[in-house]
Amino acid sequence: MASTNPAHPHWSSRLLFVLAATGSAVGLGNVWKFPYITGENGGGAFVLVYLFCIVLIGVPILMAEVLIGRRGGSSPIRSARRLVDQLGAKRGWRIVGWMGVISSIIVLSFYSVVTGWALIYIWYALSGRFTEAVSGDAEPGAALEGMFSGLLADPAMLLGLHTLAMAIAILIIGRGVREGLERAVRVLMPGLFLILLILVAYAAFTTGRFGEGLDFMFRADFSALSWNAVLIALGHAFFSLSIGLGAMMAYGSYLPQRVSIARSALLIAALDTLVALLSGLAIFPLVFAYDLIPSQGPGLIFITLPIAFGQMPGGAVIGALFFVFLSLGALTSGISLLEPSVEHLTEQKGLTRWKAAGLVGGFIWLLGIASALSFSSWSGIKLLDRNLFDLFDYLSSNYLLPLGGLLTALFVGWVMPRADSLDELRMKDGIAYRSWRFVLRYVSPWLVAGVFLYGLI
Ligand code: PFF
C-alpha cells in the first residue's frame with residue numbers, strides 16, 4: 001500500500017536525501033551545544049551515554065518519522081491525517097503531524113537568532129576583533145565576554161541578523177525541493193565537511209594538545225556522571241537528530257520509494273555523530289592549549305574559543321572558518337525547520353512555494369523578534385523565571401521535542417500494524433525489523449517519558 005503522489009517532488013537520489021537530512025541534523029546542536037554539554041558533564045562517560053541514546057532511541061524514532069513522511073507522501077500534517085484515516089485510528093493521533101509543524105515554527109524562531117550570532121562572528125573574526133580584545137588592557141575572558149554581551153544588548157544588530165538568517169532560509173526554501181534545497185545542500189554540506197576537517201587538522205598538528213582533547217572526549221569516568229547528565233544526553237539526541245519536530249517527516253515525504261529508510265537513518269545518525277565528535281576534537285585541544293576551561297557552558301563557542309582565536313597565529317582565518325562552519329550547519333538546519341509548514345501550505349492551500357515561504361518565514365520572523373529582543377529591550381518579560389529566548393529553548397528541548405518523539409514512537413509502534421511498517425521499511429521480518437519494533441514499542445516510550453517527566457520536575 002505504498003503511497004505515491006505523482007504531483008509531489010522527490011529527491012533525485014538517496015545521497016541527496018541523506019545530505020539534506022544530515023544538513024538538518026548537523027547544526028548548532030553539534031557544534032555549539034554538544035561540546036559544551038560534554039564539557040559540563042565530565043567528558044567521556046557522557047559521550048558514551050549519548051552514543052547509546054542515539055543508537056537506542058534516536059535511530060529508531062528517526063526511522064519512524066521518515067516512515068510516516070514517505071508513507072503519507074505529504075506534509076507532516078497531511079501525512080499523519082492520511083495515515084490515521086487509512087488505519088481507522090482515533091482522530092486524536094493526527095496530533096503527530098500538527099505538533100511537528102507547531103514545534104518547528106517555535107524552534108526556528110529562536111534558532112534563527114543564534115544563527116545570526118554565528119554569522120556576525122565570522123565578521124568579528126575576520127576584522128581582527130578577537131586579537132584586539134585579547135591584546136587590550138582588560139583580561140581576555142572579560143573582554144570577550146563583553147563583546148558577546150555587547151552583541152546581545154544590541155537589539156538593532158540582533159534584529160538585523162535574525163532578518164538576514166530568515167531571509168536566507170526563505171530564499172532557499174522558496175525555490176523548491178530540487179532547485180532550492182538540493183542545490184543548497186549540494187554546495188553547503190561538502191563545504192561544511194571540508195572546513196571541519198581543516199579545523200580538526202589544525203587542532204591536531206598545531207596545538208600539541210590533541211591527545212588531551214582525545215582523552216577528555218573519550219576517557220570515561222563514570223563517577224562524574226549524574227542522572228541529570230543521562231537525561232541531558234537523551235534530550236540532546238533528539239535535538240541533534242532533528243527528531244520530534246516534523247522536519248524529518250517532511251524530508252521523508254520526498255524520499256523515493258526504492259530507498260531504504262533504515263540504511264539512510266543509520267547513515268544520517270552516523271554522520272551527525274561524527275560531526276559532533278569531530279567538532280569536539282577541533283575545539284577541546286584549543287581550549288587546553290590556551291589554558292581555558294572546557295566546562296564553560298553556552299559561552300564555550302562565543303567567549304572561550306575566541307580567546308584562543310585571538311591569540312593563535314592565523315587566528316583570524318581559523319576563527320572565521322570556524323564560524324562559517326557553524327553558520328553553514330545552522331542554515332542547513334534552519335531550512336529544514338521551515339520546510340514542514342511550507343510543504344503544508346503549498347499542498348493543502350495551493351500556495352506557490354515562494355508565497356508559502358514568505359508567509360511562514362514572515363510569521364516566524366515576527367515571532368523571533370521576541371527572542372532577539374529578550375536580551376535587551378524585553379529582558380524584563382519573564383515567564384517561569386526565564387527570558388523569552390530561554391523560555392522557547394527550554395520549552396522545546398524539554399517538552400515539545402520529547403513529546404513529538406514519544407507520540408511518533410507510539411503511533412508507529414502501537415497504532416500502525418506491523419504489516420504496514422514492514423512494507424514501508426522494505427525490510428524482512430527478521431531480527432533487525434523485530435528489534436526496531438520492539439524498541440519503538442517498549443524502550444523508547446519509557447525512556448522518552450523519563451526525560452519528559454524529568455523536565456516537569
Ligand atoms: N539538529 C539541529 C542541530 O543539531 O542543531 C537542530 C534541529 C534542526 C532540530 C531541525 C530539529 C529540527 F527539526
Side-chain angles (χ1 to χ4, degrees), residues 18-38 50 53-54 58-59 61-62 64-66 68-69 75-76 96-97 99-118 165 169 172-173 181 185 188-189 192 196 232-253 265 268-269 271-280 298 301 325-344 360 364 392-393 395-405 408:
V18 170
L19 271 187
T22 305
S24 168
V26 169
L28 298 166
N30 305 59
V31 190
W32 172 54
K33 215 163 174 189
F34 178 74
Y36 92 71
I37 55 179
T38 300
Y50 174 73
C53 295
I54 288 280
V59 173
I61 297 186
L62 173 59
E65 270 203 26
V66 177
I68 294 180
S75 70
V96 171
M99 275 270 318
V101 169
I102 293 170
S103 311
S104 60
I105 289 176
I106 296 178
V107 171
L108 183 53
S109 75
F110 70 84
Y111 201 85
S112 155
V113 174
V114 186
T115 307
W117 304 348
I172 295 175
I173 288 292
L181 269 169
V185 297
L188 302 183
M189 292 309 287
L192 180 144
L196 179 59
I232 292 177
L234 187 57
H236 186 64
F238 270 85
F239 188 78
S240 191
L241 284 183
S242 301
I243 50 185
L245 275 183
M248 291 298 184
M249 278 182 217
Y251 278 11
S253 76
I268 295 161
L271 287 171
D272 182 60
T273 308
L274 188 71
V275 174
L277 296 177
L278 288 177
S279 300
I301 297 281
F325 168 61
L326 186 62
S327 305
L328 291 180
L331 286 170
T332 49
S333 298
I335 54 181
S336 77
L337 286 163
L338 191 52
E339 183 59 33
S341 18
V342 170
E343 186 182 24
H344 181 70
V360 185
I364 297 175
F392 286 161
D393 182 13
L395 287 181
S396 48
S397 307
N398 290 301
Y399 300 101
L400 296 177
L401 273 81
L403 193 60
T408 303

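Ligands are counted one by one from 1 in listed order, and the atoms in each one are counted from 1 as well. Index from 1, following the sequence.
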Q. Which residue supplies the protein heavy atom nearest to atom 8 (C) of ligand 1, what is that atom called, and how far is it?
A.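 Result: Ser242 OG, 3.4 Å.
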Q.
Quick test: of every protein heavy atom, which one is nearest to atom 11 (C) of ligand 1, and how far off is it to 0.1 Å?
A.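 Protein heavy atom at minimum distance: Leu245 CD1, 3.0 Å.
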What atoms of ligand 1 come within less than 4.0 Å of a heavy atom belonging to [X]?
X: Ser336; value: 10 (C)
X: Ala247; value: 13 (F)
X: Ser240; value: 1 (N), 4 (O)
X: Asn30; value: 4 (O)

Checking the side chain of [X] only, and the main-chain atoms of [Y] only, is there a donor and an acceptor separated by less than 3.5 Å?
X: Ser253; Y: Ala250; answer: yes
X: Ser240; Y: Ala237; answer: no
X: Ser341; Y: Val360; answer: no

Q.
Applying ring pair (Phe, Tyr, Trp, His ring centres under 6.0 Å), can you list everything that pairs with His236, at least two apart in sequence or on another chain?
A.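 Tyr50.
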Q) Which bit of Ser24 is near ligand 1, meaning a heavy atom under 4.0 Å away: side chain, backbone, both or neither? A)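 It is both backbone and side chain that touch ligand 1.
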Q) Listed by chain and number, what are the side-chain contact (heavy atoms from CB on, under 4.5 Å) partners of Leu28, not counting sequence neighbours? A)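 In terms of side-chain contact (heavy atoms from CB on, under 4.5 Å), with neighbours along the sequence ignored, Leu28 is linked to Trp32, Tyr111, Val114, Thr115, Leu326, Ala330.
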Got an N/O contact under 3.5 Å between [X] and ligand 1?
X: Gly29; result: yes
X: Leu28; result: yes
X: Phe239; result: yes

Q | Whether Tyr111 lies under 4.0 Å from ligand 1, heavy atom | A |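 Tyr111 counts as a contact of ligand 1 under the 4.0 Å cut-off.
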Q. Would you say Leu337 contacts ligand 1, with heavy atoms under 4.0 Å as the rule?
A.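 Per 4.0 Å heavy-atom rule, Leu337 contacts ligand 1.
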Search all heavy atoms of [X] against all heavy atoms of [Y] and return the closest pair with its distance.
X: Ile37; Y: Ile232; value: CD1-CG2, 4.0 Å
X: Met248; Y: Glu65; value: CB-OE1, 3.3 Å
X: Ile106; Y: Ser109; value: O-OG, 2.7 Å

Q | Selection from Gly244, Ala25, Gly246 by shortest heavy-atom distance to atom 4 (O) of ligand 1 | A |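 Considering heavy atoms of Gly244, Ala25, Gly246, the nearest to atom 4 (O) of ligand 1 sits in Ala25.
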Q. Does one side chain, of Ser279 or Asn30, offer a donor that lies under 3.5 Å from an acceptor on the other?
A.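 Per modelled atom types, Ser279 and Asn30 side chains form no pair under 3.5 Å.
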